[in-house]
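The structure appears below as structure tokens.
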Amino acid sequence: MDAIFILTGAGISAESGLGTFRDKDGLWTRYDLRRVATPEGFRADPALVHDFYNMRRQNCLEASPNAAHQALARLQRDYPGEVTLVTQNVDDLHERAGAAEVIHMHGELLRALCAACGHRWPAPARMLPEDRCPACDRAATRPDIVWFGEVPYRMDEIVERLARARLFAVIGSSGEVYPAAGFVEEAVSQGARTVEINLEPCGRGNLFGSGLYGPASAVVPSWVEGLLGG
Ligand code: APR
């Protein structure tokens, strides 16, 4: 059975109210990413960065998965072959929709990380610069988020699974940020079928063998239905 590799981006959570980064009034039109999403920004003003992720964590807790998240969980459950679900998103909506194995290559809002000892634990609703690590007791906690300039998580596993994929799909991503943006070229180079699923062609559509356009909550369930032969 053909292995399927799916990469999701902020667009899949847009209809759950979490917004995106680069659409009009997206997060990066309202916040300076250098100040809130880089190690340098965190060093310069940890309180500002914690406030930014505390706000996003609150929004995440108040949001609900939409039909697109639920359809991907159904695909993972019912498809007889391997389904790899990699997300650039840091929300937990895939998990709350029932997805079993989600690879968060950019980290997770609901986890905290100790910059001193590497310990990870469930993030409290509000993180503060003076919080102490539950393992080493040093005041070196940070959101478990991969910032610009840092290395995405689980890349070895991602590359290995991508190499096996016979069908590659990107859902709700502008394809602006590497290494995720480069996955499609890798998939094409090894002969996988590729599909871009987005509100509209995101300017790199020519890299994909096919495209499905419209709101993810409408397009993804019908795409999954087709894959399951429904
Ligand atoms: N349905 C499907 N796609 C949508 C919807 C929707 N309802 N709404 C928006 N989109 C699409 C947009 O057309 C756009 O192509 O989602 C995409 C969002 O793009 P970005 O805002 O750039 O988000 P993303 O691609 O996930 O960003 C990648 O950049 O800032 C970093 O770490 C951050 O993980 C993020 C990475």
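The structure presented is a predicted model; accordingly, all values stated were derived computationally and were not measured. Note that ligands are numbered from 1 as they come in the structure, with each ligand's atoms numbered from 1 the same way.
When only modelled atom types and interatomic distance are considered, Asn66 and Ser217 share no side-chain donor-acceptor pair under 3.5 Å. No donor-acceptor contact under 3.5 angstrom links the side chains of Arg56 and Asn59, judged on distance only.
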Under 3.5 Å, which donor-acceptor pairs link side chains of residues 33-43 to any protein atom two or more places apart or in another chain?
residue	atom	partner	partner atom	Å
Arg34	NE	Asp32	OD1	3.0
Arg34	NE	Asp32	OD2	3.4
Arg34	NH2	Asp32	OD2	2.9
Thr38	OG1	Arg34	O	2.6
Thr38	OG1	Gly41	N	2.9

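Between the side chain of Ser13 and the backbone N or O of Ala10, no donor-acceptor pair lies under 3.5 Å.
For the side chain to side chain contact (heavy atoms under 4.5 Å, CB included) with Met105, the qualifying choice from Val90, Leu7, Asn89 is Leu7, the only one to do so. Evaluated for a side chain to side chain donor-acceptor pair (under 3.5 Å) with His104, the options Arg111, Glu95, Arg154 yield exactly one hit, Glu95.
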Inventory of protein N or O atoms under 3.5 Å from ligand 1 N or O:
residue	atom	partner	partner atom	Å
ligand 1	1 (N)	Ala216	N	2.9
ligand 1	3 (N)	Leu199	N	3.3
ligand 1	7 (N)	Glu15	OE2	3.0
ligand 1	13 (O)	Asn198	OD1	2.7
ligand 1	15 (O)	Asn198	ND2	2.9
ligand 1	16 (O)	Gly172	O	3.3
ligand 1	19 (O)	Ser174	N	3.4
ligand 1	21 (O)	Phe21	N	2.7
ligand 1	21 (O)	Arg22	N	2.9
ligand 1	22 (O)	Arg22	NH1	2.7
ligand 1	22 (O)	Ser174	OG	2.6
ligand 1	25 (O)	Ser173	OG	2.7
ligand 1	25 (O)	Ser174	N	2.9
ligand 1	25 (O)	Ser174	OG	3.4
ligand 1	26 (O)	Ala10	N	2.8
ligand 1	27 (O)	Arg22	NH1	3.0
ligand 1	29 (O)	Arg22	NH1	3.1
ligand 1	29 (O)	Arg22	NH2	3.1
ligand 1	30 (O)	Arg22	NH2	3.2
ligand 1	30 (O)	Trp28	NE1	2.7
ligand 1	32 (O)	His106	ND1	3.3
ligand 1	34 (O)	Gln88	O	3.1
ligand 1	34 (O)	His106	ND1	3.0

